[in-house]
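What follows is a set of notes on a single structure, which appears directly below.
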Amino acid sequence: MITLLVVTSDMPFGDLLRQNLEATGRFTVDIAGDRHSAIACVKEGEYPLIFLDTCLPEQDLLQIGAQVRRANTITRFVVVSEVGWHSALEELSPDDYLSKPFYLPDLME
């Protein structure tokens with residue numbers, strides 16, 4: 001199983017992602033609701049893919065990204081946003097972008 005991290009302060013949304021990803025039988029998903037818990041997760045484990053929800057402040061997302069990059073340079077990011085692309089997050093070099101609401105099969109791609 002591959003362990004993924006979802007960073008969002010919107011816990012129902014995080015649970016929805018977790019349920020759908022874990023239903024495939026390929027993933028285990030951890031959810032972090034703020035910068036501090038996300039950084040604690042990254043210190044404790046390795047995540048090949050992290051979903052960053054822009055419901056958290058950009059500065060928090062950038063700090064999480066910087067911590068992740070120090071710990072593991074090959075971690076990939078997917079930015080999830082309701083309001084469009086956040087240019088400040090470009091420095092994280094995200095691999096993909098999902099615009100809320102999205103079709104759940106798009107999540108699997």
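Since the model is a prediction, treat every value here as computed from it, not as a measurement.
- In this structure, Leu49 and Phe27 have side chains that are not in contact, with every pair of non-hydrogen atoms separated by 4.5 Å or more.
- Contacts of Leu16 classified as side chain to side chain contact (heavy atoms under 4.5 Å, CB included), with partners at least two apart in sequence or in another chain: Asn20.
- The heavy-atom pair separating Gly65 from Phe77 by the smallest distance is CA-CZ, 3.8 Å.
- Residues in residues 66-81 take part in these salt bridge (Lys or Arg N to Asp or Glu O under 4.0 Å) pairs, two or more places apart or across chains: Arg76-Asp95.
- In this structure the side chain of Phe13 never reaches within 4.5 angstrom of the side chain of Cys55, judged on heavy atoms.
- Pairs of residues two or more places apart, or lying in two chains, that qualify as side chain to side chain donor-acceptor pair (under 3.5 Å) and include a residue from residues 32-41 are Asp34-Ser37, Arg35-Asp60, Arg35-Gln63.
- Separating the CG atom in Leu4 from the OH atom in Tyr47 is a distance of 9.5 Å, to the nearest 0.5 Å.
- Among pairs with a residue in residues 40-56, those fulfilling salt bridge (Lys or Arg N to Asp or Glu O under 4.0 Å) read Asp53-Lys100, at least two apart in sequence or across chains.
- Within the structure, every pair that satisfies the salt bridge (Lys or Arg N to Asp or Glu O under 4.0 Å) test and touches residues 17-31, not counting sequence neighbours, is listed here: Asp15-Arg18, Arg18-Glu22.
- With sequence neighbours left out, the side chain to side chain contact (heavy atoms under 4.5 Å, CB included) criterion links Leu56 to Val7, Ser9, Leu61.
- Atom CD1 of Ile50 is separated from atom CG of Leu5 by 5.0 Å, given to the nearest 0.5 angstrom.
- Residues Phe51 and Thr8 are not in side-chain contact: their nearest non-hydrogen atoms beyond the backbone lie 4.5 Å or more apart.
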